[in-house]
2 protein chains.
Amino acid sequence: MSETKDKIVALADRLVRTKGFNAFSYKDISGPLEIKNAAVHYHFPAKADLGVEIVDQDVAKFIAQTNRWKSLPEEEQLVKLIDVFRRHSKEGNICLMGSLAPDFETLEPAMQAKVQEMANGILAWLSHCLEEGRKKKRIHFKGAAKTRALIIISNLQASLLLSRVMGPSAFRHIAEQLLDDLCHK
Amino acid sequence: MSETKDKIVALADRLVRTKGFNAFSYKDISGPLEIKNAAVHYHFPAKADLGVEIVDQDVAKFIAQTNRWKSLPEEEQLVKLIDVFRRHSKEGNICLMGSLAPDFETLEPAMQAKVQEMANGILAWLSHCLEEGRKKKRIHFKGAAKTRALIIISNLQASLLLSRVMGPSAFRHIAEQLLDDLCHK
DNA sequence: TTGTTTACTTACTACTAAGTAAGTATATTT
DNA sequence: AAATATACTTACTTAGTAGTAAGTAAACAA
């Protein structure tokens, strides 16, 4: 991928997380990168093409990260996951899911499919992590692993949203209590 | 308030929840209501005025509802709160907070303040409900009531978002497990 | 050397957005 | 009956938006 194309995706990723997919325009990209509007269209003919690329790169990054954690004990993998969200919180970013889900119905089918793919991927990984952790008595929770995974993901996602409105302490409190609930039965 | 003004706010409320505040336009209102664009501007000169009214009405509705629940046992008040979200889930709506939080930084200061007011109001009510419920040994949880309230709100909010992407079962599973966690220790 | 591809720019189109100024019909007040 | 307020419409401006057609400079390939 060319240097410019990389820069476009990186900036667009940040714009999606800070302003929302429908709220940023190609001008928000061409301006700071000091290229013309048409140059963005050269790399990504339609905005949905850019959106798909953003989600694809995010999914790829998630898979790469979780693969690196594979040999860690499950509760530490959980801490790593929360750390990813903590970093976003510090940068004032919300997560991609939290940004794209509200606008879901306004997205093109190709993007909708990508977002669903991302959601199912994260859910599958976390379910498996929780299940294994419970087997080894390292993680403790009631109910189905998939439901618990859903709850944790929704907590992390919404905590970034709430931090926007209520300040960064919202994320800290939620993250701390979440780990306490799961690890110190 | 005039009939038209009421209709505008009701439709705009639905549009915020389905498309997002920045993604709907005055045309989405004037079209279905069969009035002109300028008629909407007559009632709400700027879009932020309409946004403030939507949040105000939602806050008023929340206060009215919680007041009606006052004499109920705390765990039943909790069920009522979850039922409000369940109704939204069934109508394909997300909650106002879930819709406005991602766009928070693009909102006018007056609207930002209203959204913060709403968030703090809901948090205060739920904290108090949990605290009282714990005192009476009707609700069981670890940690500070305010943190637990934050977790529950973030769960309900995000469960509506996730339901968009993953289907309505996401909400059902989360709501069920949430109540089980709190009420059947 | 000529042709082709890459990575753009210039200069536009078509459309949509929020917002406004001025006019009008109807109801209400004085 | 005259003045005023209410609830609009007509017709418009300004400022974006995504997207495109055609041209260009530089690198690369045959």
Side-chain angles (χ1 to χ4, degrees), chain A residues 1-55 57 99-100 102-112 114, chain B residues 1-55 57 99-100 102-112 114:
Chain A
M1 201 156 27
S2 78
E3 210 186 306
T4 304
K5 199 170 178 181
D6 268 335
K7 280 185 193 167
I8 291 171
V9 178
L11 179 53
D13 182 87
R14 175 142 186 94
L15 286 165
V16 170
R17 293 175 198 267
T18 49
K19 300 185 72 175
F21 186 74
N22 290 320
F24 84 86
S25 82
Y26 274 27
K27 206 181 155 189
D28 296 322
I29 292 170
S30 58
L33 296 187
E34 288 174 299
I35 53 175
K36 297 295 139 135
N37 168 50
V40 187
H41 279 285
Y42 168 74
H43 290 288
F44 301 100
K47 205 180 172 185
D49 299 319
L50 178 52
V52 166
E53 181 65 30
I54 291 168
V55 179
Q57 285 202 16
S99 168
L100 295 174
D103 301 336
F104 191 72
E105 262 142 59
T106 71
L107 302 178
E108 297 231 327
M111 260 197 89
Q112 289 190 337
K114 279 285 161 200
Chain B
M1 204 158 20
S2 80
E3 211 184 304
T4 305
K5 199 171 176 180
D6 268 335
K7 282 185 191 164
I8 291 170
V9 178
L11 179 54
D13 182 88
R14 177 146 184 90
L15 286 166
V16 169
R17 292 174 199 269
T18 50
K19 300 185 72 177
F21 185 74
N22 289 320
F24 85 86
S25 81
Y26 274 27
K27 204 180 158 191
D28 296 321
I29 293 170
S30 57
L33 296 187
E34 287 175 301
I35 54 176
K36 296 295 139 130
N37 168 50
V40 187
H41 279 285
Y42 169 74
H43 290 289
F44 301 99
K47 204 180 174 187
D49 299 320
L50 177 53
V52 166
E53 182 66 31
I54 292 168
V55 179
Q57 286 200 16
S99 168
L100 295 175
D103 301 335
F104 191 72
E105 262 143 58
T106 71
L107 303 177
E108 296 232 326
M111 263 198 86
Q112 290 190 336
K114 281 285 162 199

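Both backbone and side-chain heavy atoms feed into the values below; hydrogens, waters and symmetry mates do not. Order of the sequence lines fixes the chain letters, A, B, ..., with proteins taken first and strands second; residue numbering starts at 1 for each chain.
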- Among D/dT10, C/dT9, D/dT20, the one nearest any side-chain atom of A/N37 is D/dT20

- Query: Within less than 4.0 Å of OP1 or OP2 of D/dC8, is there a side-chain N or O belonging to B/Y42?
  - Reply: no

- Message: Can you give me the closest heavy-atom contact between A/P102 and A/S99, atom names plus distance?
- Response: CD-O, 3.4 Å

- Distance in angstrom units between B/D28 CG and C/dA18 P, rounded: 8 Å

- Short side-chain to backbone donor-acceptor contact, A/E105 and B/K19, under 3.5 Å: no

- Short side-chain N/O contact from A/S25 to OP1 or OP2 of D/dG16, under 4.0 Å: no

- Minimum heavy-atom separation for B/L50 to B/I29, with atom names? CD2-CD1, 3.8 Å

- Please state how far atom NZ in B/K27 lies from atom P in C/dG19, giving the value in whole angstrom units. 17 Å

- Taken to the nearest whole Å, CZ/B/F21 to P/C/dA17 is 14 Å

- Task: Would you kindly give the CZ-to-P distance between B/F44 and D/dA7, to the nearest whole Å?
- Result: 12 Å

- Message: Any side-chain N or O of A/H43 below 4.0 angstrom from OP1/OP2 of C/dC8?
- Response: yes

- Message: Between P on C/dA17 and OH on B/Y26, what's the gap in Å once rounded to a whole number?
- Response: 13 Å

- Message: Are more than 12 heavy atoms, taken from residues, nucleotides or ligands other than B/E108, located less than 6.0 Å from that residue's CD atom?
- Response: no

- Would you find a donor on one side and an acceptor on the other, under 3.5 Å apart, between the side chain of B/D49 and the backbone of B/A46? yes

- Query: Roughly how many Å is it from CD in B/E34 to P in D/dT10, rounded to a whole number?
  - Reply: 13 Å

- Under 4.0 angstrom between A/T4 side-chain N/O and C/dA7 OP1 or OP2: no

- Query: Taking atom P of D/dT10 as reference, at what distance in whole Å does atom NZ of B/K36 sit?
  - Reply: 4 Å

- Atom CG of B/L33 to atom C1' of D/dC8: distance rounded to whole Å? 13 Å

- Query: For C/dA17, does OP1 or OP2 lie under 4.0 Å from any side-chain N or O of B/K47?
  - Reply: no

